[in-house]
Q: 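Could you have a look at this structure, given as structure tokens, before my questions?
Computed from heavy atoms alone, side chains included, the values below leave out hydrogens, waters and symmetry copies. In what follows, every chain begins at residue 1, and chains take the letters A, B, ... in the order their sequences are listed.
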Amino acid sequence: MKTRVQGSGFRFQGWLRVALAPLLALWLAAGAVASAIEPYEFESELQRQRFKALAEELRCTVCQNQSLADSDAPLAQDLRDEVFRMLQGNRSDQEIRNFMVERYGNYVLYRPPVAAHTLLLWGGPIVLLIIGLVAAVIVIRKRRSAL
Amino acid sequence: MIRMLIPLGVFLALLALLIAGLQTSENRKLVQSPLIGKPMPDFSLPGLYDPESTTSRADLLGEPFILNVWGSWCWACRVEHPFVERLGNEAPIALVGFNWKDEREDALAWIDQFGDAWDRHLVDFEGKVAIDLGVYGAPETFLVDHEGVIRHKHIGPIDANVFQDLMRRAMELKAEAES
């Protein structure tokens, strides 16, 4: 019984390896291609990461459920170029976010700032959690006293 | 009995919220420009027929104008074109065309085919000035007053209602400039 289980485990691993090897190769190749067509020459790994983070948290206004990083829209390309130029110009992340907000409003931020009109957005989940906890406590107490 | 009604009440409230959400969903796609009430950013752009000439913000100041963002690649610009032509003919203020991310030959061919509705042309091939203006799709139509302040922005094609609204606002800006 024991050996049979182990045997099937090994067979599974063998199958997995055969299936995953080409996938892994493909993934490595895709990575190489992606970096080959990367149009930006970053000064450092840090700059590359900052670019990536900014492009992922800025919303593309043309295709509104995509970030700048995801979108193929020409405007998203222009805005990525703009972000890159500003990074090259030693502008801070906050300055770059402000640049976008000044032109397109808070809407471009996937994480809008906490303000009067966003209180429900930020506070809502906490309020709901508190309501849920209070309701749970009430129900539990009632059931206990009923026992 | 009352206890049984609570889930129903919650359900109905949720339903009402979702229906209200559905009805405003189209409007929520329109991003309100933070530039309304602010001075139009500085720029210097070439013309369409005369690529050598440039127009800057200062050249447009003094009189209010309508700025209409279009491109030959923009399908909705064809849809709104009859109303853009009417704006060019009937509005009491200048109608400036802002050719966005286009090719000069394509833009000229488009105008040959559909007609030149604008009093003046600006060409932003790179799209850098468009970013400063917060343009995110064509067509878009701005109203700028005589002091160079952006007063209104319409996103999307101009239809009969929008045309009336733009005409009314253009007349207000004209009156304001004259007083």
Side-chain angles (χ1 to χ4, degrees), chain A residues 39 54-55 58-68 70-86 88-89 91 95-110 112-113 115 117-118 120-121 124 127-128 131-132 134-136 138-139 142-143 146, chain B residues 3 6-7 9-10 13-14 17 20-21 24-43 67 69-77 98-103 106 124-140 142 149-150 153 155-156:
Chain A
L54 281 165
L58 290 168
R59 189 201 294 263
C60 167
T61 42
V62 197
C63 28
Q64 300 182 350
N65 291 319
Q66 286 185 306
S67 70
L68 283 190
D70 297 331
S71 176
D72 279 332
L75 180 63
Q77 181 61 56
D78 288 355
L79 291 174
R80 281 198 296 269
D81 291 347
E82 205 60 43
V83 168
F84 179 69
R85 258 195 294 272
M86 285 189 277
Q88 294 284 54
R91 307 272 287 273
E95 281 175 316
I96 295 171
R97 274 192 288 266
N98 287 346
F99 174 92
M100 295 295 168
V101 171
E102 277 164 22
R103 285 157 181 76
Y104 296 101
N106 279 332
Y107 191 80
V108 294
L109 300 176
Y110 268 122
H117 67 283
T118 57
L120 190 65
L121 181 70
V127 172
L128 286 178
I131 291 173
V134 169
I138 291 170
V139 168
K142 270 196 180 166
R143 289 203 179 165
Chain B
R3 278 179 147 261
I6 294 174
V10 170
L14 195 64
L17 185 75
T24 57
S25 65
E26 276 305 308
N27 292 336
R28 267 184 285 126
K29 281 188 202 150
L30 306 178
V31 184
Q32 191 62 40
S33 175
L35 289 164
I36 289 164
K38 300 215 173 105
M40 185 184 183
D42 216 352
F43 66 88
L67 186 80
V69 181
W70 69 284
S72 65
W73 47 268
C74 155
W75 182 81
C77 297
F98 186 99
N99 184 243
W100 182 42
K101 289 187 79 69
D102 210 342
E103 302 281 350
D106 293 346
D124 186 16
F125 176 63
E126 277 187 58
K128 288 201 77 174
V129 176
I131 290 177
D132 286 340
L133 277 169
V135 169
Y136 72 89
E140 285 187 11
F142 294 80
V149 175
I150 298 173
K153 177 182 179 183
I155 298 160

Q: Name the region of A:Glu82, side chain, backbone, both or neither, that has any atom closer than 4.5 Å to a heavy atom of chain B.
A: side chain
Q: Taking atom CD of A:Gln66 as the centre, does the number of heavy atoms from other residues, nucleotides or ligands within less than 6.0 Å exceed 12?
A: yes
Q: Hey, mind stepping through B:Tyr136 and A:Leu79 against side-chain contact (heavy atoms from CB on, under 4.5 Å) and telling me if it holds?
A: CA-CA 10 Å; B:Tyr136 72 89; A:Leu79 291 174; over 6 Å; no
Q: List the atom of B:Ile131, the atom of A:Tyr104, and the distance in Å for their closest heavy-atom pair.
A: CA-OH, 3.6 Å
Q: Relative to chain A, which segment of B:Lys38 carries a heavy atom at a distance below 4.5 Å: side chain, backbone, both, or neither?
A: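 When you check distances to chain A, no heavy atom of B:Lys38 falls under 4.5 Å.
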Q: Does A:Leu128 have more than 12 heavy atoms from other residues, nucleotides or ligands lying within 6.0 Å of its CG?
A: yes
Q: Quick one: what part of A:Val108 sits under 4.5 Å from any heavy atom of chain B, side chain, backbone, both or neither?
A: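 The answer is neither part of A:Val108.
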Q: Is it the side chain or the backbone of A:Arg85 that comes within 4.5 Å of chain B heavy atoms, both, or neither?
A: side chain
Q: Show the nearest heavy-atom pair for residues B:Pro34 and A:Val101, with the distance to one decimal.
A: CG-O, 3.4 Å
Q: Nearest 0.5 Å, what's the CG-CZ distance between B:Asp132 and A:Arg103?
A: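 CZ of A:Arg103 is found 4.5 Å from CG of B:Asp132.
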Q: Looking only at heavy atoms, which two atoms of B:Lys101 and A:Asp78 are closest? And how far apart?
A: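 Closest pair (atom of B:Lys101, atom of A:Asp78, distance): NZ-OD2, 2.7 Å.
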